[in-house]
Amino acid sequence: MIMRIVTITLLALTVTRQAVGQQEAGLSPKPRLVVLTDIGGDPDDQQSMIRLMTYANEFQIEGLTASASGTPGELKQDIVKPELIREIVDAYGQVHHNLSLHAPGYPTHEYLVERIRSGNPRRGIKNVGDGHDTQGSQWIIEAVDRPDPRPVNVTIWGGSTELAQALWRVRHERSAEDLRRFLGKLRVYAIGHQDDTGPWIIDNFPGLFYVLGMAPEGRDQREAVYRGMYLGGDESLTSLEWLDTHVRHDHGPLGALYPPKTWTAPNAHSALKEGDTPSWFYFLPNGLSDPEHPEWGGWGGRFRREVAGLYRDAADRVGDTLHARVGVSRWRPAFQNEFQARMDWCVKPYHEANHPPQPVCNGDSSRKVQSITAPAGGAVRLSAVGSRDPDGDQLLCRWWVYSEAGTYRDSVSAAVEGPLEAKLTVPPSAAGTEIHVILELTDDGSPPLAAYRRVVISAP
């Protein structure tokens, strides 16, 4: 059911960059990220890598590994192309200073170069086992073994041979308890099964946290959740015209590397594809999602649990469209506007670019999901008091229920209580369910940028 959306307009306060930096410094530690990319085939991997560089301040990037290039049979030779990653990282190094004017935490060029690795040019389970260790597989093991309590998030843009080899090595050399601990620190998001190592991993390591973006067997794989990056919704935002205006031209050396054409059809424009970007969007700490809950949804899509540890595509609804791709495409206006802004950061001074709002939800300025317990029939007050915009822009405040993410299926109403406040009445029939409320703040800058907070209301 659709909730009536509460829309509130306010004039934001102006804050200094120093204050923004202090707030950023108080956030939870960054997610750790390892990328396995089959870069060197369809140019969409370069597209996803370039966008990731503009978000490098949001992650602790642990590794950028070039796995076997292209999908099986796509290229005439077995090869890895780490030089394509290095080319992008070098271009990032040229805009690093300017990016750092707009947000804290961008890693140095040298730091990222040191984390580029090569994988096995031959993919598949026949290339896993003794004699098949690679820089990429060993680097995964080293990352997990570091004394850091945070999970290691592994995103698989192509084949999963490097992860399979790392898991084979650990199981081969360590005790069952050590293997259990090792697996417990991994979070995997795979863009489909692009060779036979993906099914092998799932079969041999049950319980491993594994998000599989993939249409059901027997269905067109263009129905997979990650295809919402470029299919469905407002496809004008994936056009070459959009890319030329906001990314490729007049946005510095990083934007100039962005490939103008990709291979997969159908694609409305055959320009922007970035089929791998949802894998790291999933771990992006933007206040909307929680990676420990694939069923909650976010920029990387929404997923249902199939068996313990394994999650598969789930459908979202926008208007009359119910489809797994909607779990990504519904956010495209927001994530494209933010990409546009971050590309501006590559070349513009601070005062000429736009920056996301800083939401405060019920007095909390972090990005953490809030949990509230309220009895069925009771009222929950929601407040965005203290929210601000670093550029002094006017903000549009919306409170809305993400019905697919929750477990309560009937309609929910809300009422405005003040310029930044709302009240949600928990229906009497909601006992034993969860209601997910999204605070969405959008500024009126150019381009308009959105920021989020999620409140999970549990009715005992």
Using a cut-off of 6.0 Å, state whether more than 12 heavy atoms not belonging to Glu241 lie near its atom CD. no

So which heavy atom on Leu272 is nearest to which on Leu243, and how close? N-CD1, 3.6 Å

Neighbour count >12 (heavy atoms, 6.0 Å) for atom CG, Asp250: no

Once side chain to side chain contact (heavy atoms under 4.5 Å, CB included) is applied, do any residues pair with Arg115, and if so which ones, sequence neighbours excluded? Tyr111, Trp139

Across all chains, not counting sequence neighbours, the side chain to side chain contact (heavy atoms under 4.5 Å, CB included) partners of Pro253 are Ala91, Gln94, Val95

Of His246, Gln336, Gln340, the residue whose pairing with Pro447 passes side-chain contact (heavy atoms from CB on, under 4.5 Å): Gln340

Please report the interatomic distance CZ(Arg51) to CG(Leu254), rounded to the nearest 0.5 Å. 11.5 Å

Closest non-hydrogen atom pair, His269 against Thr238: CD2-OG1, 3.2 Å

Which atom of Val144 lies closest to which atom of Lys185, heavy atoms considered: O-NZ, 3.0 Å

Would you kindly check if the NZ (Lys) or CZ (Arg) of Arg248 is within the cone defined by 45 degrees around the ring axis of Tyr258 and under 6.0 Å from the six-membered ring centre? no

Any salt bridge linking Lys81 with Glu87? Criterion: basic side-chain nitrogen under 4.0 Å from a carboxylate oxygen. no

Can you find a side-chain donor-acceptor pair between Thr264 and Lys273 that sits under 3.5 Å? yes

Out of Ile191, Thr37, Val188, which one pairs with Ile156 under the side-chain contact (heavy atoms from CB on, under 4.5 Å) rule? Val188

